[in-house]
Amino acid sequence: MQKFEGKSLAAGAVIGKIRFYREAEYEIDEGDYDDSDAEIERFEAALEAVKAHKFALAELAEANSDSDGALVFVSHVALLEDRGLITRVENYIREMRKCAEFGVKVGFNDVADDIRSLPDPYIMRRSDDILELEKEVLEELMGASRGIYFGKDPYILAAYDLTASEVARIDRKHVQAIVLKEGNMNTHASILAKGLGIPCVIRVETLSYASDGKEAIVDGTNGFVLLQPDEETVRKYDDVMRENKAFTNSLMRLKGKMTVTKDGQEVRLYANISNPYDVSTVLENDASGIGLYRSDFLFLKDREYPSEEEQYLSYRKVVEEMNPRSVIIRTVDIGSDKSVPYLQLPDEENPALGMRAIRISLTRKDFFKTQLRAMLRASVYGNLRIVFPMITSVWEFKECKEVLAECEEELKREHTAVGTYKVGVMIETPASVIIADQLADEADFLSVGTNDLTQFTLAIDRQNPTLDRFYDPHHPAVIEQIRMTIEAGHRHGCLVLICGELAGDISLTETFMRMGVDGLSVNPQFVLPLRQRIRELDLKA
Ligand code: PEP
Ligand code: MG
């Protein structure tokens, strides 16, 4: 038995088999394939799919007046139609009797090498495009981008690291726990992973691919992994797992009970979700509503921008299943660590301070309107609230409301029903705290995002693990800004909730209750433990 120390990201314990995920590693079969026609057909179908995707991206770029971006996609289509490239791949398939994947791998690389040997530096750069396209055609052939999937038996997912979009593509039904060699506490990838409700351990430095296929115990509570545990340890962990289950079951007695302190101060407990399928866990844990639905998930899981219809169906599912409980959907907060290649966002030196969240939405209004229209259509089915992320100025919020009104008018002209809804602002920058009175005057509610508020108040990159010592969400400057926001909100009759990770930090619950916070929004699994904590508090004592 080997013990690999790491850091706890999400509590709990499981025993299972490790499956090690390695990003974009294609194991290509080099054996002989007799049915060349079938392989060529597969290759052509994959080419067509990638081309269709490129055309759609070009159209989207055009619609957003991004003619440079559109040109890039059109030039990719031209490369994919190049007869020389296609013939090269087909020759490998037919003459060497290989599979389509082999033909693509070798054929695309040959062409990239040829281009690289040309004297013109502009043309030379096209070899990178060819290699990027090779990856996309391979993904299409091998389904690699569709999900992280290791079959139907439950498994512990191990990886060097996972991006937010990879976590969004995890096969949730079969993954029992997550173990990462790298990872960081405050990234969106970690927040999404925590939301899965399974044990997670990160920064397991000694973890390697050699663990693939081996039995292991993941102790998420204490932050370590035991590889190839002995029988006695397995027996001990069977007991731990039984106790954990008994504790979870004991919390069920709090379902239907009020979230109120001993001296009668009530607070609403909401849940944070990132996937429509999380609603059942929210209801099981008896949250008063959804305090933060991070809609980003929809935008991260596929290679394409989700259509209005796809978004509408997701939002409607959540709003309808939660009805009459309220649902706060946050407009998309992508950019920064949530990269979406199809948007072709330029590389930035400081992405957390760059083109992200509301800045993308207000810059690409067509894209923003698709999301708002989908939300408004869903509003008919329940109790919807819309919140806008990373607002730093009043004009931004006013412009969001204008676009929303424009969408509502459009829908009404189309005779499409729109329900009632409320609008709010995420308070996650010191600027928004300082102007919280003005924002509250315009909004129905404020929601404090403590993760970004900490990052921007302390000027510390929330993703940089070497700064963990300095990233202190308990810093008095952060806590004081929460108080200022609550007071400003209340001066204007606005409800104020906290939805960042700090909302579930039991050591601060009493502080927040004393500040008079109206709602706390946490992972669904934290709702009942938090209710228990609040019911034990006596603010008058
Ligand atoms: C926050 O910043 O606290 C927040 C809730 O948003 P996210 O973690 O998605 O950035
Ligand atoms: Mg945030």
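Residue numbers start at 1 and run along the sequence shown. Please read these numbers as outputs of a predicted model, since none were measured by experiment.
The side-chain contact (heavy atoms from CB on, under 4.5 Å) test with Leu446 is passed by exactly one of Leu495, Ile498, Val425, Val433: Val425.
Taking CG of Leu180 as the reference point, atom CD1 of Ile202 lies at 7.0 Å (rounded to 0.5 Å). Going from atom CG of Leu530 over to atom CG of Leu269 covers 5.0 Å, rounded to the nearest 0.5 Å. The distance from atom CG of Asn383 to atom OG1 of Thr420, rounded to the nearest 0.5 Å, is 7.0 Å. From Lys369, atom NZ reaches atom CD of Glu308 across 10.5 Å, with rounding to the nearest 0.5 Å. Here NE2 of His53 is found 7.5 Å from CZ of Phe73. Values are rounded to the nearest 0.5 Å. Leu196 CG to Ser274 OG: the interatomic distance, rounded to the nearest 0.5 Å, is 7.0 Å.
Judged by distance alone, with hydrogens and angles left aside, the side-chain atoms of Thr281 form no donor-acceptor pair with the main-chain N or O of Pro524 at under 3.5 Å. Using a distance-only test at 3.5 Å, with no hydrogens or angles considered, no donor-acceptor pair links the side chain of Arg316 to the main chain of Tyr381. Side-chain N or O atoms of Ser295 include one that pairs as donor or acceptor with a backbone N or O of Arg330 at under 3.5 Å. For Lys401 (side chain) and Glu442 (main-chain N/O), a donor-acceptor pair under 3.5 Å exists by modelled atom type. Side-chain atoms of Asp219 never come within 3.5 Å of backbone atoms of Phe224 as a donor-acceptor pair (strictly under, hydrogens ignored). Between the Lys422 side chain and the Arg385 main chain, no donor and acceptor come within less than 3.5 Å of each other. Formation of a donor-acceptor pair under 3.5 Å by the Gln455 side chain with backbone atoms of Arg462 is found in this model. Proximity of a side-chain donor or acceptor of Ser8 to a complementary backbone N or O of Gly220 within less than 3.5 Å is detected. A distance-only check finds no donor-acceptor pair linking the side chain of Thr259 to the backbone of Arg531 [under 3.5 Å]. Checking side-chain atoms of Ser190 against main-chain N and O of Asn186 turns up no donor-acceptor pair under 3.5 Å.
Looking at heavy atoms from C-beta onward, Gln176 lies out of side-chain contact with Ile198 at the 4.5 angstrom threshold. Contact annotation: the side chain of Thr429 never approaches that of Asp452 to less than 4.5 Å [non-hydrogen atoms, C-beta and beyond]. Side-chain contact between His474 and Asp505 is present, with at least one heavy-atom pair separated by less than 4.5 Å. Lys181 places none of its side-chain heavy atoms less than 4.5 Å from the side chain of Phe20. Counting only heavy atoms from C-beta outward, the side chains of Val332 and Ile360 never approach each other to under 4.5 Å. With a 4.5 Å cut-off on side-chain heavy atoms, Leu497 and Arg268 do not count as touching. Looking only at side-chain heavy atoms (C-beta outward), Leu376 and Leu404 come within less than 4.5 Å of each other. Side chains of Tyr21 and Leu157 form a contact here, defined as non-hydrogen atoms less than 4.5 Å apart.
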Which is it for Glu414 and Arg373 under the salt bridge (Lys or Arg N to Asp or Glu O under 4.0 Å) test, yes or no, and what are the steps along the way?
CA-CA 12 Å; Glu414 293 163 19; Arg373 283 173 56 99; 2.8 Å; yes

Chi angles and distances behind the side-chain contact (heavy atoms from CB on, under 4.5 Å) call for Gln481, Ile427: CA-CA 10 Å; Gln481 287 183 85; Ile427 300 290; over 6 Å; no

Discussion item. Checking Leu292 against Tyr270 for the side-chain contact (heavy atoms from CB on, under 4.5 Å) test, could you report, in this order, the C-alpha distance in whole Å, the side-chain angles of both residues, the deciding distance, and whether it holds?
Written reply: CA-CA 8 Å; Leu292 175 65; Tyr270 300 105; over 6 Å; no

Going through the distances and angles, do His188 and Asp333 end up as a side chain to side chain donor-acceptor pair (under 3.5 Å)? CA-CA 10 Å; His188 286 99; Asp333 182 359; 4.5 Å; no

Check your understanding: Which is it for Lys194 and Glu501 under the side-chain contact (heavy atoms from CB on, under 4.5 Å) test, yes or no, and what are the steps along the way?
Key -> CA-CA 10 Å; Lys194 272 198 262 181; Glu501 294 307 286; 2.6 Å; yes

(request) Walk me through it: do Tyr293 and Ser314 pass the test side-chain contact (heavy atoms from CB on, under 4.5 Å)? (result) CA-CA 11 Å; Tyr293 172 12; Ser314 299; 4.0 Å; yes

Original post:
Could you walk me through whether Asn323 and Glu320 pass the side chain to side chain donor-acceptor pair (under 3.5 Å) check?
Top reply: CA-CA 5 Å; Asn323 194 25; Glu320 198 168 25; over 6 Å; no

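Within a 6.0 Å radius of NZ in Lys245, other residues, nucleotides and ligands contribute 12 heavy atoms or fewer. Within 6.0 Å of NZ in Lys17 there are 12 or fewer heavy atoms belonging to other residues, nucleotides or ligands. Around the CZ atom of Phe526, the shell of radius 6.0 Å holds no more than 12 heavy atoms that belong to other residues, nucleotides or ligands. Enclosure of atom CZ in Arg359 by more than 12 non-hydrogen atoms of other residues, nucleotides or ligands within 6.0 angstrom is indicated.
A salt bridge links Lys365 to Glu399: one of the charged nitrogens lies within less than 4.0 Å of a carboxylate oxygen. With salt bridges taken as basic N to acidic carboxylate O contacts below 4.0 Å, one links Asp286 and Arg325. A salt bridge links Lys412 with Glu408: at least one charged nitrogen is closer than 4.0 Å to a carboxylate oxygen. Under 4.0 Å is where a charged nitrogen must lie from a carboxylate oxygen, and between Asp468 and Arg203 no such pair does.
Annotation for Gly424 and Ala443: closest pair CA-CB, 4.3 Å, computed over non-hydrogen atoms. Taking every heavy atom of both residues into account, Cys400 and Ile358 meet most closely at SG-CD1, 3.5 Å. Nearest heavy atom pair, residue Val14 against residue Pro199, reads CG1-CG, 3.9 Å. The heavy-atom pair separating Ala193 from Ile178 by the smallest distance is CB-CD1, 4.1 Å. Between Val517 and Val496, the closest heavy-atom pair is CG2-O, 3.5 Å. Closest approach of Asn184 and Thr187 over heavy atoms only: O-OG1, 3.3 Å.
Taking the six-membered ring where the residue is Trp, Phe367 and Tyr305 present tilted rings, their angle falling between 30° and 60°.
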